[in-house]
Amino acid sequence: MNIILGATGQLGSYLSKQLDPGTLHTVSRNEFNSWIGEDRNSFKKKMELILQNSNTEKNRLFYCIGETNSSQQHSLLDETNFGYPMRIMESIQQLPLRMVTFGSIHELTEISNPYMDSKRTLFDFFLKSQNVFAWTHFQLHTLYSEMQPRRHMFLGQILESLSQNKPFEMTSGSQIRQFHHAEDIAKLIIRRLDDSESDSLEQINGHEVIKLKELAKF
């Protein structure tokens, strides 16, 4: 069974499209919010109930929920990006489930902001918890797709500037980034999970990079 928490977001929706509907159980952000307020035993019981319908040997729980806006309250960022997945992992340790989480490739750099710090905390927890329960952590670059980007993201800011026909204001734009289509990444994630059953850190990198200034000009 493939359980996707946050199935209506960009990554969650594309992962859903790559999986057999007969092995898929999706949970929206709103439904998840109602679950997470309950105690750990209640969450475990919900997972056990879902797994009763599993007809596959590989059971995975995808945590596709996250806050990416560093302007949000730090407590919200920490709770969503680290607190919630940690509580989930502690509640499902005895279940035949592999926890699949997602972070940023920049967790390995010195970039520091409230968003990155919260994701780095989850990454550090993963390193300390290997061999404790089944877990795979993917570090990704920026994703894009046909879905409208969030306003606080670089692509979202460009879109807003274009739609309002006003100059796009930015810093030097010297930062080098990679942008990957969410569908391509979703396919690769499923392929890697199918190929490995061991705890692992998976970094997904491409060969093409671009300066943010070049992207904005284009």
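All residue numbers in this chain count up from 1 along the given sequence.
Side-chain atoms of Gln10 never come within 3.5 Å of backbone atoms of Ala182 as a donor-acceptor pair (strictly under, hydrogens ignored). Judged purely by atom type and a 3.5 angstrom limit, Asn81 uses its side chain to pair as donor or acceptor with the backbone of Glu67. In this structure, the side chain of Asn2 does not engage the main chain of Arg60 through any donor-acceptor pair within 3.5 Å. Formation of a donor-acceptor pair under 3.5 Å by the Ser161 side chain with backbone atoms of Lys166 is found in this model. Looking only at distances, no side-chain donor or acceptor of Lys119 sits under 3.5 Å from a matching main-chain atom of Glu107. Looking only at distances, a side-chain donor or acceptor of Thr109 sits under 3.5 Å from a matching main-chain atom of His106.
Taking OH of Tyr63 as the start and CE of Met89 as the end, the distance is 9.0 Å to the nearest 0.5 Å. The structure places CD1 of Ile88 at 10.5 Å from CD of Glu90, a figure rounded to the nearest 0.5 Å. Note that OG of Ser71 is 9.5 Å distant from CG of Asn113, once rounded to the nearest 0.5 Å. The CG atom of Asn59 lies 11.0 Å from the CZ atom of Arg98; values are rounded to the nearest 0.5 Å. Summarising the geometry, atom OG1 belonging to Thr101 is positioned 13.0 Å from atom CE belonging to Met86; distances are rounded to the nearest 0.5 Å. Atom CD of Glu214 and atom OG of Ser174 lie 11.0 Å apart (nearest 0.5 Å).
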Check the pair Ile190, Asp194 against side-chain contact (heavy atoms from CB on, under 4.5 Å), reporting the backbone distance first and the verdict last. CA-CA 6 Å; Ile190 299 302; Asp194 287 341; 3.6 Å; yes
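A side-chain donor-acceptor contact under 3.5 Å links Ser196 and Ser198. Between the side chains of Arg150 and Thr68, at least one donor N or O sits under 3.5 Å from an acceptor N or O.
Under the 4.5 Å side-chain criterion, counting only non-hydrogen atoms from C-beta, Phe168 is not in contact with Leu162. The side-chain heavy atoms of Leu188 and Asp184, taken from C-beta on, include no pair separated by under 4.5 Å. No side-chain heavy atom of Lys17 sits less than 4.5 Å from a side-chain heavy atom of Glu183. Side-chain contact between Asn205 and His141 is present, with heavy atoms from C-beta onward closer than 4.5 Å. Using a 4.5 Å heavy-atom threshold, the side chains of Phe154 and Thr142 count as separate. In this structure the side chain of Phe179 reaches within 4.5 angstrom of the side chain of Leu215, judged on heavy atoms. Taking the side chain as every heavy atom from C-beta outward, Thr121 and Asp78 never approach each other to under 4.5 Å. Under the 4.5 Å side-chain criterion, counting only non-hydrogen atoms from C-beta, Phe138 is in contact with Ile189.
The side chain to side chain donor-acceptor pair (under 3.5 Å) test with Glu202 singles out one residue from His137, Arg192, Gln139, and that residue is Arg192.
Heavy-atom contacts from other residues, nucleotides or ligands closer than 6.0 Å to CD of Glu146 number more than 12. Heavy atoms of other residues, nucleotides or ligands lying less than 6.0 angstrom from CZ of Arg151 number 12 at most. Under a cut-off of 6.0 angstrom, the local environment of CD in Gln73 is sparse, with at most 12 non-hydrogen atoms contributed by other residues, nucleotides or ligands. With a 6.0 Å radius and a threshold of 12 heavy atoms from other residues, nucleotides or ligands, Glu208 has its CD atom at or below the threshold.
With Phe125 as the aromatic partner, Lys128 does not meet the cation-pi criteria of under 6.0 angstrom to the ring centre and within 45 degrees of the ring axis.
Using a cutoff of 4.0 Å between basic side-chain nitrogens and carboxylate oxygens, Asp117 and Arg120 are scored as salt-bridged. Salt bridge annotation for Arg87-Glu79: present, with a cationic side-chain nitrogen under 4.0 angstrom from a carboxylate oxygen.
Shortest non-hydrogen contact noted between Leu193 and Lys58 is O-NZ, 4.3 Å.
Relative ring orientation between Phe102 and Phe62 is described as parallel, the plane-to-plane angle staying below 30° on a 0-90° scale split at 30° and 60°.
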